[in-house]
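These notes are about the structure you will find just below.
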2 protein chains.
Amino acid sequence: MDPSVSAATVGRLPAYLRAAIDLSASGLASVSSERLSEEAAVHPATMRRDLASLDIAGTRGVGYDVKYLIVQISHVLGLNQEWPVVIMGSGNLGKALANYGGFSERGFPVAALVDIDAELVGTTIGGVLVHAPPDLAELVDRENIMVGVITTPPGVAQEAADLLVSNGIRSILNFTPTALETPADVTVRSVDIATELQILSFYRQRGLAADVGTGVPLEP
Amino acid sequence: MDPSVSAATVGRLPAYLRAAIDLSASGLASVSSERLSEEAAVHPATMRRDLASLDIAGTRGVGYDVKYLIVQISHVLGLNQEWPVVIMGSGNLGKALANYGGFSERGFPVAALVDIDAELVGTTIGGVLVHAPPDLAELVDRENIMVGVITTPPGVAQEAADLLVSNGIRSILNFTPTALETPADVTVRSVDIATELQILSFYRQRGLAADVGTGVPLEP
DNA sequence: CAGTGTGAATTTCTTCACAGCG
DNA sequence: CGCTGTGAAGAAATTCACACTG
């Protein structure tokens, strides 16, 4: 019914999907929003509204069909196709991600690594070949790369982003603390470990969990 | 003035801090909210309100003193002390994080790794010694560990969390896709790479950036 | 009759717009 | 004069609560 999906809703979909997969694995065929939302740590009404906004319907008096949930949410997230990924920068993090099975397993195969270090170019990390930056154009084309992951040093992150963008990549996952400048039609998600740790220390310092209501008292 | 800080505000503080540090590095002594908020990709009024809620004041007609901003935000985030970290699980990601300089550099020294693999216990990764799980109690005590980072396989993430909690750790950074159950006074931040990629593919599928207003049209 | 789907109420967060201060 | 600090307005998101349906 509702023709649009809010960013907040999108942010929760992966959690719903995981919850549904978990419940399915434990043999459940049908769930109430109560049960599923508990699993996903969300308010039941929020979950029902989210699913309704995606036209994912349950059965009144019964709940949601777990298999159907998985299929529908996967579809909305675009997980019925593969999204090949290129990792820019083969430092510690880049290497770890290339070795990390989780990517391909979840539909995001690591198609290539790119690094400026001539020593590394041509070597293989976690079964993935390291290429030189100028090769990117061809790679994107040949491997049908959809997503760029930036794990370079912060100083050259913008450069890496520019290179991705100029080669037609419009989805970027940025692991550096750099705020990237990109055209409006490029989606960037940033994951900064320092940011996460700093937020943790804010709450820790006050002896409070992060989800205590909405307001956190300040020291006098 | 305002005695409380909202979660939304806390989430933006690290970005303000980074922006201030960057501007300071380029020699700027004073910034307007206009300039700083641009750097942090936030609305100027939002930034002024955030800072005001922390009692961080600027000078009317001038702006904010950059050095003062850095000191104050750092203080609010608790960055004037060190927060030693223990990494649970020395698989690919755990190893990468141990090797990753960024932690210690930013006040979160990696004090120890913990792994169940007896082969790994006693070895050193990135200068950090790997310990057996039963050693955690002593480690927490001796190294004054404040934060637990979980990089185990998803199946044992809850176990790792339980171990952390039972040893008094109340801040957890979880890199697994598992939704952890913890007492109410424990703060958990989760970073799941698959979640981020799935959100990217949602928007990519629709040819839209993530920040286009608030509602995203659904396919017909 | 259990549990969805959703108007309406509420809460939270953002942005406007301007008074007021340095 | 320029820019902060903030009341007031506005927009979004969440939650309540219940009519309604399988």
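Excluded from the calculations below are hydrogen atoms, water molecules and symmetry mates; all remaining heavy atoms, backbone and side chain alike, are included. Just so it is clear: chains get the letters A, B, ... in the order the sequence lines come, proteins before strands, and each one is counted from 1. Note that this is a predicted model, so its numbers are computed, not measured.
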Atom CG of A:Leu51 to atom C1' of C:dT4: distance rounded to whole Å? 11 Å
Scan the side chains in residues 148-156 of chain A for donor-acceptor partners under 3.5 Å anywhere in the protein, sequence neighbours excluded, and list what turns up.
{"unit_1": "A:Thr151", "atom_1": "OG1", "unit_2": "A:Met88", "atom_2": "O", "d": "3.1"}
{"unit_1": "A:Thr151", "atom_1": "OG1", "unit_2": "A:Gly89", "atom_2": "O", "d": "2.6"}

State which residues pass side-chain hydrogen bond (donor to acceptor under 3.5 Å, both in side chains) with A:Gln72; sequence neighbours excluded, sorted by chain then number. none
Qualifying residues under side-chain hydrogen bond (donor to acceptor under 3.5 Å, both in side chains), relative to B:Arg60, sequence neighbours excluded: none
Rounded distance in Å - CD (B:Gln72) to C1' (D:dT4): 17 Å
Strictly below 4.0 Å: does B:Tyr64 bring a side-chain N or O up to OP1 or OP2 of D:dG5? yes
The side-chain hydrogen bond (donor to acceptor under 3.5 Å, both in side chains) partners of B:Arg48 (sequence neighbours excluded) come to B:Ser33
Does B:Arg35 reach a base, just sugar-phosphate, or nothing at all? Heavy atoms under 4.0 Å. nothing
Assess whether one donor atom and one acceptor atom, taken from the side chain of B:Arg49 and the base of C:dT14, lie less than 3.5 Å apart. no
Heavy-atom donor-acceptor pair, A:Asn92 side chain to B:Asn99 backbone, under 3.5 Å: yes
Of the options B:Asn80, B:Leu54, B:Ile70, which is the one that meets B:His75 in a side chain to side chain contact (heavy atoms under 4.5 Å, CB included)? B:Asn80
Side chain of B:Ala8, heavy atoms from C-beta onward: which of D:dT15, D:dG5, C:dC13 has the nearest atom to it? C:dC13
Is there a side-chain contact between A:Leu97 and A:Val85, using heavy atoms and a 4.5 Å cut-off? no
Take the protein atom CG of B:Leu36 and the nucleotide atom C1' of D:dG2, then report the distance between them rounded to whole Å. 17 Å
Nearest-Å distance for atom pair CG/P, residues B:Asp55 and D:dT4: 17 Å
Residues of residues 20-29 of chain B with a heavy atom under 4.0 Å from any atom of DNA chain D, listed by number, are none
Separation of C:dC1 atom P from A:Glu34 atom CD, nearest Å, is 19 Å
Partner residues of B:Arg12 under the salt bridge (Lys or Arg N to Asp or Glu O under 4.0 Å) criterion, sequence neighbours left out: B:Asp50
A:Asp141: which residues meet the side-chain hydrogen bond (donor to acceptor under 3.5 Å, both in side chains) condition with it, sequence neighbours left out? none
When the side chains of residues 190-202 of chain B are checked against the rest of the protein, which donor-acceptor pairs come out under 3.5 Å, sequence neighbours left out?
{"unit_1": "B:Ser190", "atom_1": "OG", "unit_2": "B:Asn174", "atom_2": "ND2", "d": "3.3"}
{"unit_1": "B:Asp192", "atom_1": "OD1", "unit_2": "B:Ala194", "atom_2": "N", "d": "3.4"}
{"unit_1": "B:Asp192", "atom_1": "OD2", "unit_2": "A:Arg18", "atom_2": "NH1", "d": "2.9"}
{"unit_1": "B:Asp192", "atom_1": "OD2", "unit_2": "B:Thr195", "atom_2": "N", "d": "3.3"}
{"unit_1": "B:Asp192", "atom_1": "OD2", "unit_2": "B:Thr195", "atom_2": "OG1", "d": "2.8"}
{"unit_1": "B:Thr195", "atom_1": "OG1", "unit_2": "A:Arg18", "atom_2": "NH1", "d": "3.0"}
{"unit_1": "B:Glu196", "atom_1": "OE1", "unit_2": "A:Arg189", "atom_2": "NE", "d": "2.7"}
{"unit_1": "B:Glu196", "atom_1": "OE1", "unit_2": "A:Arg189", "atom_2": "NH2", "d": "3.1"}
{"unit_1": "B:Ser201", "atom_1": "OG", "unit_2": "A:Leu77", "atom_2": "O", "d": "2.8"}
{"unit_1": "B:Ser201", "atom_1": "OG", "unit_2": "B:Leu197", "atom_2": "O", "d": "3.4"}
{"unit_1": "B:Ser201", "atom_1": "OG", "unit_2": "B:Gln198", "atom_2": "O", "d": "3.0"}

Mapping B:Val31 and A:Arg12 onto DNA chain D by nearest heavy atom, which one lands closer to the 5' end? B:Val31
Please state how far atom CG in A:Asp50 lies from atom P in D:dA12, giving the value in whole angstrom units. 16 Å
Once base and sugar-phosphate atoms are separated, protein heavy atoms under 4.0 Å mark nucleotides 17-22 of chain D, 5' to 3', with B, S and - as B--BBB
For B:His43 and C:dT15, give me the distance from atom NE2 to atom P, rounded to whole Å. 5 Å
Among D:dT15, D:dT6, D:dC3, the one nearest any side-chain atom of A:Thr46 is D:dT15
Give the rounded distance in Å between these two atoms: CE of B:Met47 and P of D:dT4. 7 Å
What is the nucleic acid contact for B:Thr9, judged by heavy atoms within less than 4.0 Å: base, sugar-phosphate only, or nothing? nothing
